[in-house]
Amino acid sequence: MRYDVQNNEIRLTDLPDEHGHFGPYGGIFVAETLMEPLDELRVAYERYLSDPEFLAELDADLQHYVGRPSPIYHAERLSRELGGAQIYLKREDLNHTGAHKINNTVGQALLAKRMGKTRIIAETGAGQHGVATATVAARLGLECVVYMGEVDVARQEANVYRMRLLGAEVRSVASGSKTLKDALNEAMRDWVSNVDDTFYIIGTVAGPHPYPAMVRDFQAVIGREAREQMLAMTGRLPDALLACVGGGSNAIGLFFPFLEDRGVALYGVEAAGDGLETGHHAAPLCAGTPGVLHGNRTYLMEDRDGQIIETHSISAGLDYPGVGPEHAWLKDSGRANYVAVTDGEALQAFHRLTRTEGIIPALESSHAIAQAIKMAPTMDREQILLVNLSGRGDKDMHTVAAREGMKI
Amino acid sequence: MSRIAAVFSALRDQGRQALIPFVTAGDPDPATTLPLMHAMVEAGADIIELGVPFSDPMADGPVIQRASERALRHHIALHDVIDMVRRFRETDQATPVVLMGYLNPLEAMGYETFAEAAAEAGVDGVLTVDIPPEEAATFVPAMKSNGIDPIFLLAPTSNRARIERITATASGFVYYVSLKGVTGAGNLSLDSVRAKLAEIRSCTDLPVGVGFGIKDATTAAAMAGFADAVVVGSALVSRIEANPDDVQKAVAEIKALLSEMRTAMDAD
């Protein structure tokens, strides 16, 4: 099915509409049992995100617990080597637990507390969202169950151990492709069975309304800070923003406060895996088609019969066949560009940033770095690229070492 | 009168309730489905729910998830399921068939293309788990204009406003999900189902089926005391899983369980 883009006067920042639609994307596609709990969540989200007391508590947590604002760093040596645009990094890797994921889990956990829920569940791919959820659950004394695909449990052992240390129960999911999408299915099944006392903290800007909007709003702190910081540091806005896109939460968090700054180009970087031409990738925006999965309509990796196909990426956090519906809309509307980089290119970028700047990026974030490395040399020295360094690479030591034939 | 309406009307006259078995098309292999459908009718099924396999069956418990996986190993697609119904209709023009599954395969085929092909093959209704009426503005007319009943779920969490909205949109019958959970779950409460059904009936004259968690003849008979139809899925599909090397035995066990349910439901 194909959709025409409506060229109307709606401000991009006004979306979604009251039913969670971003143009033809988003919405609520779930079984009836979840409709009422989702409405309850929407009401709480709309109430508390305009409640000064809630926002003050959230801000205090972001400052004192997460460590915000995260700095912006001018990667001067890398920029000099590339000989083009200046590369700046938004250092989400310096947050507590090492990635942007905690911005959202702190927010949703406060919401869970306000709603009187005593049990938290989450899905996780790379384990960053699972760790960030287990972390806030530990702090608030809430029971926590994290669903994780069997394949991801094996490739992200360290994060599994961290979650268990934090008191969470990690349930390995052996159905389907045994990765993030199956963990999400299983978390949904848990939620539908335990809706009375359970709050489902979705980790990305996907799922049924209000999740895509709510997670974006919690992550938009990244872009709000970055906009002010760049103006203070450079006296102007960047020429382009770059961020990796799996579900797309770090990207939308950075992009959203810049959507009406039409002079700022937006680049979402998907995982091309072995290469888009091989079919072994996780790039629904670059090479997928619209469909319905996990509660929303968006671009998907699917076959012609509408079955979801298995994805591939070296980075577990990008290994997902869907993408947030707002990204689908930003693609069709032309406001954002979506590109893809391969496992190999991401690995090269991982090493290059590590060796030139002394910063070890997550493999997910390495995709955005790789795109900056491609673009910078084609630009002037006065131009600015701002890359969201969404997470740190400590969790990926085993993956990188194994890929390069080393055992650690 | 549609086949579904005719069945409910006849049963109502007899003071009986419909027995609706669910199996996944193509489980454990494509050759089994057609004879299994006929066998279920012989054992007393009034309407057949045929599951369309999907890679991500979010509302299903492990038994039906694995049935989907077995069928998908044979690459059973939506058009294959429609073909199975076409062949079923060659010898059975009376028993309604409802396709049950998830939205994405229908999105991929296109609502109108699907509805035309399904109607032409003899499909009577479609129950798409993950499309609430709010998102069904083009879906429902596409089905109804081709004579396909769009069947919707109601749940323990559905409030009165939702019940009214859903029953106003649905046709054929409505399907009450008897518990908060996935298919095949074990936390069924008869009293709460009875209370909710009374509320649903105060909103609609459509027949009300009950499913999720009905495992044996005793429960089926109890449900038939206040529902118009009893849907049984995981308990049947688990017979296929229990006999991986003997499809005939699986079919025989499914027939036996359905006959038991039929007898128990008709006893009072």
Side-chain angles (χ1 to χ4, degrees), chain A residues 1-2 18-21 24 26-40 173-177 181-182 184-198 207-209 289-298 300-310 321-322, chain B residues 52-62 65-66 68-69 72 75-80 101-111 113-114 128-136 138 152-159 161-163 165-166 174-177 179-183 185 187 212:
Chain A
M1 200 176 290
R2 288 280 164 206
E18 58 179 317
H19 302 293
H21 296 118
I28 305 183
F29 294 88
V30 297
E32 175 60 19
T33 312
L34 289 178
M35 292 300 288
E36 181 55 31
L38 282 168
D39 200 54
E40 186 193 341
V173 178
S175 58
S177 61
K181 80 173 176 74
D182 310 285
L184 214 153
N185 291 337
E186 204 56 33
M188 280 282 182
R189 291 177 189 124
D190 180 312
W191 196 33
V192 85
S193 309
N194 300 286
V195 282
D196 296 333
D197 67 345
T198 297
H209 183 63
T289 48
V292 171
L293 178 70
H294 292 154
N296 67 99
R297 180 178 279 120
T298 187
L300 300 175
M301 302 275 295
E302 57 180 334
D303 66 17
R304 61 195 166 88
D305 298 324
Q307 305 293 347
I308 306 309
I309 54 181
E310 291 189 15
Chain B
V52 180
F54 183 51
S55 52
D56 292 81
M58 248 169 42
D60 283 301
Q65 286 172 44
R66 289 191 293 260
S68 246
E69 288 180 11
L72 287 174
H75 304 286
I76 298 299
L78 184 52
H79 60 84
D80 298 311
Y102 294 81
L103 186 59
N104 203 49
L106 275 69
E107 289 256 324
M109 186 179 278
Y111 297 159
T113 310
F114 162 76
T128 308
V129 176
D130 53 351
I131 188 167
E134 286 84 345
E135 298 287 353
T138 56
F152 283 87
L153 298 176
L154 290 166
T157 51
S158 309
N159 59 32
R162 288 201 61 76
I163 294 172
R165 174 163 196 170
I166 290 166
V174 288
Y175 183 139
Y176 180 63
V177 174
L179 47 82
K180 292 176 192 168
V182 293
T183 52
N187 49 334
F212 280 43

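A, B, ... follow the sequence lines: proteins, then strands. Residue 1 opens every chain. Quick note: numbers below take in every heavy atom, side chains included, and nothing from hydrogens, waters or symmetry partners. As the structure is a prediction and not an experimental result, all values here were calculated from the model.
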Go through A:D190, A:N194, A:I309, A:D196 and name the one with the most non-hydrogen pairs under 4.5 angstrom from chain B.
A:D196
When only pairs under 4.5 Å are counted, which of A:E186, A:H19, A:H294 shares the most heavy-atom pairs with chain B?
A:H294
Please give me the minimum heavy-atom distance between B:P105 and B:L78, naming the atom from each residue.
O-CD2, 3.7 Å
Between B:V129 and B:A59 the two heavy atoms that sit nearest each other are CG1-CB, 3.5 Å
Please flag which part of [X] lies under 4.5 Å from any non-hydrogen atom of chain A: side chain, backbone, both or neither.
{"X": "B:D56", "result": "both"}
{"X": "B:P62", "result": "neither"}
{"X": "B:L103", "result": "side chain"}
{"X": "B:R162", "result": "side chain"}

When heavy-atom pairs shorter than 4.5 Å are enumerated against chain A, which of B:L154, B:D60, B:V177 gives the highest number?
B:D60
Is any side-chain heavy atom of B:Y176 less than 4.5 Å from a side-chain heavy atom of B:P156?
yes
With distance as the sole test, does B:S68 use its side chain to make a donor-acceptor pair with the main-chain N or O of B:F54 at under 3.5 Å?
yes
For B:A155, does its backbone N or O pair with a side-chain atom of B:S158 as donor and acceptor, under 3.5 Å?
yes
Side chain from CB out, backbone as N, CA, C, O: work out which of these in A:L293 comes under 4.5 Å of a heavy atom of chain B, or both, or neither.
side chain
Let me see the working for A:S177 and A:D182 under side-chain hydrogen bond (donor to acceptor under 3.5 Å, both in side chains), right down to the final yes or no.
CA-CA 7 Å; A:S177 61; A:D182 310 285; 2.7 Å; yes
